[in-house]
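Comments concern the structure below.
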There are 2 protein chains.
Amino acid sequence: MSRRRAVDYDCPVRDVLDRIGDAWSVLLIIELAKAPCRFNALRRVVDGISQRMLAVTLRNLERDGLVSRTVLDLSPPQVEYALTARGRSLHGTIGQLADWADSNQPAIRASRANYDAAHGAKR
Amino acid sequence: MSRRRAVDYDCPVRDVLDRIGDAWSVLLIIELAKAPCRFNALRRVVDGISQRMLAVTLRNLERDGLVSRTVLDLSPPQVEYALTARGRSLHGTIGQLADWADSNQPAIRASRANYDAAHGAKR
DNA sequence: CCGGATCCTATTGGATACTG
DNA sequence: CAGTATCCAATAGGATCCGG
């Protein structure tokens with residue numbers, strides 16, 4: 001995901017962190033946690049994601065067994081994406097982090113402003 | 001951190017996710033959770049991190065008030081890095097995720113292997 | 001010992017156009 | 001509708017050299 005490290009640190013947490021780290025995965029998981037959704041619907045609701053990244057991210061999530069992909073053979077064709085049990089489980093865990101983020105966001109913002117003021121404003 | 005999105009999605013969780021997402025921050029937090037540590041000592045223990053990224057990452061962590069930086073005026077100079085209370089708090093939350101990662105790692109690995117087998121092996 | 005400044009390459013990811 | 005393929009600009013990050 002991110003740059004591949006020179007020495008590939010074999011930490012079991014890395015895989016998950018890489019997935020969490022990328023901007024869109026989490027957004028998609030959160031969105032799909034609300035309800036299953038189709039490709040273009042996701043595209044509209046996520047706002048800002050490119051078609052390419054949506055496809056790539058969904059494929060990765062599916063590959064990890066976090067999201068299921070169901071092709072409905074209709075015309076026009078439809079594909080439904082939904083969280084798997086594992087995906088929902090991860091969503092729960094992410095919730096912890098989101099809570100932490102929410103409650104610490106103001107303090108962090110403040111720290112940053114403070115830091116930037118102390119050191120050269122725009123670094 | 002990652003690419004800046006065209007439409008800057010103003011989600012309070014993003015900041016934290018970006019920090020978590022980057023490879024080294026979490027590693028450093030985990031390391032510093034064990035004990036405060038000096039620059040080059042960190043460099044040795046983290047293994048694979050470049051001098052530049054260590055400096056950059058530490059600076060970001062300090063900026064967010066997650067890590068404290070204490071200059072000991074000795075010869076040779078020493079700088080001690082340590083988790084702040086907020087840093088420790090985040091470390092705790094990360095623990096949740098690490099646990100999830102540990103217990104789901106095998107299943108994820110399996111899913112990937114399975115997926116890769118089903119679709120063109122190396123995609 | 002701690003780190004900033006540079007240089008340079010690999011990767012990321014948006015835009016666009018095309019297919020089933 | 002649901003993607004894939006190609007092109008290309010921007011960035012991340014390693015290597016290296018240097019100063020405090």
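The chains referred to below are lettered A, B, ... by the order of the sequence lines, with proteins before strands, and numbering in each begins at 1.
When the nucleotides C:dG4, D:dG3, C:dG14 are ranked by their closest atom to the side chain of B:Ala55, C:dG4 comes out on top. Comparing C:dC2, D:dC1, D:dT4 by their closest approach to the side chain of B:Val79 singles out C:dC2. Of all nucleotides listed (D:dA2, D:dG14, C:dG14), D:dA2 comes nearest to the side chain of A:Asn40. Candidate nucleotides D:dA2, C:dG3, C:dC1 were compared by shortest atom distance to the side chain of B:Pro77, and C:dC1 ranks first.
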If you write DNA chain C from 5' to 3' in dot-bracket form, with Watson-Crick or G-U pairs under 3.5 Å, [ ] for crossing pairs and | for pairs with another strand, what do you get? |.||||||||||||||||||

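Contact check, A:Arg69 against D:dG3: a side-chain N or O comes under 4.0 Å of OP1 or OP2. Phosphate contact (OP1/OP2 of D:dG3, side-chain N/O of A:Tyr81, threshold under 4.0 Å): present.
Applying the salt bridge (charged side-chain N to carboxylate O under 4.0 Å, His left out) rule to A:Arg88 yields no partners; only residues at least two apart in sequence or on another chain are considered. Every residue two or more places apart in sequence or in another chain was checked for a salt bridge (charged side-chain N to carboxylate O under 4.0 Å, His left out) with B:Arg43, and none qualifies. Residues passing the salt bridge (charged side-chain N to carboxylate O under 4.0 Å, His left out) test with A:Arg63 are B:Asp116, sequence neighbours excluded.
Hydrophobic side-chain contacts under 4.5 Å tie A:Val56 to no other Ile, Leu, Val, Met, Phe, Trp or Tyr residue.
B:Ile49 places its CD1 atom 10 Å from the P atom of D:dG13, with the value rounded to the nearest Å.
The backbone N or O of B:Met53 sits less than 3.5 Å from a side-chain atom of B:Thr57, completing a donor-acceptor pair. Put simply, the side chain of B:His91 never gets that close to the backbone of B:Gly87: no donor and acceptor are under 3.5 Å apart.
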Could you go over nucleotides 16-19 of chain C and give all protein N or O partners under 3.5 Å, atom names and distances?
unit_1	atom_1	unit_2	atom_2	d
C:dA17	N6	A:Gln51	OE1	3.2

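Going from atom CG of B:Leu42 over to atom CG of B:Leu58 covers 6.0 Å, rounded to the nearest 0.5 Å.
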